[in-house]
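See below for the structure under consideration.
As the structure lists them, so they are numbered: ligands from 1, and atoms in each ligand from 1.
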Amino acid sequence: MTIHFPFQNTYTALPASFFARVAPTPVAAPRLIKLNRPLALQLGLDPDRLDSLEGAEILAGKRVPDGADPIAMAYAGHQFGHFVPQLGDGRAILLGEVIDAEGVRRDIQLKGSGPTPFSRRGDGRAALGPVLREYIVSEAMFALSIPTTRSLAAVITGENVMRETPLPGAVLTRVAASHIRVGTFQYFAARSDTEGVRRLADHVIARHYPHAADTDRPYRALLEAVIARQADLVARWLLVGFIHGVMNTDNSSVAGETIDYGPCAFMDHYDPAKVFSSIDQQGRYAYANQPRIALWNLTRLAECLLPLLSDDKDKAVEEAQTILGEFAERFTSAYQAGLRQKIGLFTVRDGDEALVQDLLDAMAKNQADFTLTFRRLSDAALDPDGDTEVRALFAEPVACDEWAARWRERISGEMQSPAERQAAMRSVNPAFIPRNHRVEAVIEAAVNRDDFAPFEELLAVLAKPYQDQPEFAGYADPPEPHQCVLQTFCGT
Ligand code: AMP
Ligand code: MG
């Protein structure tokens with residue numbers, strides 16, 4: 001009995017210039033190391049069937065399931081500001097689309113499944129470390145309620161990949177609302193293929209923004225909708241201390257999901273200029289730059305859509321500028337609303353923005369841990385004795401005292417009970433994030449010792465980020481100085 005995937009593919013019905021048909025390259029000895037059972041069920045797949053040799057072979061690309069129509073998608077992109085007219089899926093193959101339990105169409109893609117016509121000089125493969133990293137961080141983002149691609153499975157291929165040293169090869173099965181990027185639009189725009197841009201825009205509207213089709217100006221509505229989702233997404237990133245690390249236009253999803261987890265990281269102590277990625281030497285993608293970069297990427301999208309906005313070029317530009325002008329307001333209101341929730345405010349008053357900014361400034365000056373400060377503040381909302389725990393996170397604990405007094409004064413004017421405030425704050429301030437030193441330790445155990453128990457444990461903790469889980473309290477701790485991860489790598 002073969003494993004059934006209920007594929008209903010639409011991307012392959014687009015013109016041939018949108019993709020290259022290519023099958024995954026078979027690998028030696030696939031071994032399933034992780035299957036996301038709840039996600040499998042949500043996708044209409046049978047987890048028991050997938051958890052088998054045949055399942056491992058499918059998820060490693062050794063066997064193509066019935067109904068799959070495997071392709072590598074074409075796209076372009078600005079990488080660190082430099083335009084590359086052809087990138088494309090160089091090491092990923094889209095098996096097909098399924099409709100999930102909520103009626104949402106989802107791509108099922110193998111990442112690391114062998115070369116494609118877009119591989120350039122790459123080997124089309126992925127190493128185990130980055131696969132585990134993407135699995136952990138994407139599923140953590142999902143548990144934090146942040147829009148993201150997800151991870152259905154990870155398999156070891158039984159082959160080595162050559163990086164600086166030989167490393168175990170792996171394939172990640174990624175699930176996404178779609179894999180269409182800002183760079184996908186750029187691919188056609190760069191070729192002056194306006195008909196291609198239009199076909200893609202129509203596909204994106206039908207798939208992600210059906211309401212746009214019902215407006216007088218569907219393409220304008222499309223651009224507005226993508227801008228709104230990106231603004232919300234980046235605000236959510238900042239509110240949990242997430243740094244994507246490679247916000248190139250080819251890593252920017254038009255569906256508004258976090259995509260392409262490479263050298264991404266969560267910050268420990270709060271530092272707006274924080275950069276982890278070894279390749280981001282100018283800090284282009286630093287934590288606090290992310291909103292500006294998202295707008296830069298959206299401006300590239302708007303440029304692609306100009307011919308669809310108006311036949312009159314000047315009019316199209318003027319309109320695009322007006323729409324792009326909505327980003328700042330969207331982002332700021334989402335970010336400020338999120339910050340107000342993080343410090344437990346139920347109402348909006350003059351001075352709130354300054355109050356929260358003063359806390360952030362004090363945290364930056366005192367290397368206070370971003371996640372723990374807000375988590376402990378949540379408990380201090382119930383019991384002022386909790387202030388001791390908050391203070392302890394600041395290099396100069398007194399920096400916290402004056403602020404805490406102002407905060408108590410501000411919240412005392414609201415009618416909510418301390419218990420209500422604590423509960424509300426705990427629901428937005430996670431205890432557990434994928435801390436770099438924990439992720440690195442998991443990868444080290446898996447790669448060097450074939451030990452996946454730490455991986456499983458970390459995943460279990462991160463699946464419930466807002467619960468205390470006293471037995472795993474250590475996972476909430478920031479790194480000791482010797483455990484600090486200073487740099488992260490793409491690992492491609
Ligand atoms: P990324 O930095 O992962 O977003 O990838 C940027 C581009 O490089 C995309 O076109 C990828 O498909 C391609 N790429 C990354 N790693 C490899 C690899 N090992 N083999 C082939 N192409 C790759
Ligand atoms: Mg990418």
With a 4.0 Å cut-off on heavy atoms, does G88 reach ligand 1?
-> yes
Considering distance alone, does some N or O of G90 sit under 3.5 Å from an N or O of ligand 1?
-> yes
Set of ring pair (Phe, Tyr, Trp, His ring centres under 6.0 Å) partners for F331, sequence neighbours left out | Y335
Who gets closest to atom 15 (C) of ligand 1 by heavy atom: R181, R91, E134?
-> R91
Ring centers of F80, Y285 separated by less than 6.0 Å = yes
Atoms in ligand 1 flagged as close to N251, the criterion being non-hydrogen separation under 4.0 Å = 4 (O)
Side-chain donor-acceptor pair present, H78, Q186, cut-off under 3.5 Å | yes
Going by atom types alone, do H4 and R49 pair a side-chain donor with an acceptor below 3.5 Å?
-> no
Is the NZ or CZ atom of R292 positioned over W296's six-membered ring, under 6.0 angstrom from the centre and within 45° of the axis?
-> no
Check ligand 1 against D260 and write out every atom of the ligand that is under 4.0 Å from a heavy-atom position of the residue.
-> 4 (O)
Just let me know how K111 lines up against ligand 1, side chain, backbone, both or neither, with a heavy-atom cut-off below 4.0 Å.
-> neither
Name every donor-acceptor pair, under 3.5 Å, that has one atom in a side chain of residues 188-195 and the other anywhere in the protein, sequence neighbours excluded.
{"from": "R191", "atom 1": "NH1", "to": "P85", "atom 2": "O", "distance (Å)": "3.2"}
{"from": "R191", "atom 1": "NH1", "to": "Y187", "atom 2": "O", "distance (Å)": "2.8"}
{"from": "R191", "atom 1": "NH2", "to": "P85", "atom 2": "O", "distance (Å)": "3.3"}
{"from": "D193", "atom 1": "OD1", "to": "E195", "atom 2": "N", "distance (Å)": "3.4"}
{"from": "D193", "atom 1": "OD1", "to": "G196", "atom 2": "N", "distance (Å)": "2.7"}

Determine whether the side chain, the backbone, both or neither of Y75 has a heavy atom under 4.0 Å from any heavy atom of ligand 1.
-> side chain
Taking atom types as modelled, find out whether Q42 and D100 have a side-chain donor-acceptor pair closer than 3.5 angstrom.
-> yes
Pairs touching residues 320-333 that satisfy salt bridge (Lys or Arg N to Asp or Glu O under 4.0 Å), sequence neighbours left out | D232-R330
What do you reckon, does Q79 have a nitrogen or oxygen under 3.5 Å from a nitrogen or oxygen of ligand 1?
-> no
Between E257 and R150, is there a side-chain N and carboxylate O pair less than 4.0 Å apart?
-> no
Kindly say whether the aromatic ring centers of F118 and Y75 come within a distance under 6.0 Å.
-> no
Verify the ring-centre separation between F432 and Y475: is it less than 6.0 angstrom?
-> no
Ligand-side contact atoms (ligand 1) for residue partner L87, heavy atom cut-off under 4.0 Å | 10 (O)
Contact atoms of ligand 1, heavy-atom distance to G124 under 4.0 Å | 18 (C), 19 (N), 20 (N), 21 (C)
Going by the atom numbers of ligand 1, which of them fall below 4.0 Å from some non-hydrogen atom of G122?
-> 20 (N), 21 (C)
At the 4.0 Å heavy-atom cut-off, does V246 count as touching ligand 1?
-> no
Which atoms of ligand 1 sit under 4.0 Å from any heavy atom of R163?
-> 19 (N)
What lies under 2.8 Å from the Mg ion (ligand 2), restricted to protein N/O/S atoms, is N251 OD1, D260 OD2
Where ligand 1 meets R125 - atom numbers and elements under 4.0 angstrom, heavy-atom basis | 19 (N)
From V246, T249, N248, residue fulfilling side chain to side chain contact (heavy atoms under 4.5 Å, CB included) relative to Q79 | N248
If you measure only the distance, is there a donor-acceptor pair under 3.5 Å linking the side chains of N429 and Y466?
-> no
Please confirm whether D89 comes within less than 3.5 Å of ligand 1 when only nitrogen or oxygen atoms on both sides are compared.
-> no
Can you find a non-hydrogen atom of R121 under 4.0 Å from ligand 1?
-> no
Less than 4.0 Å between a side-chain N and a carboxylate O, is that true for R91 and D123?
-> no
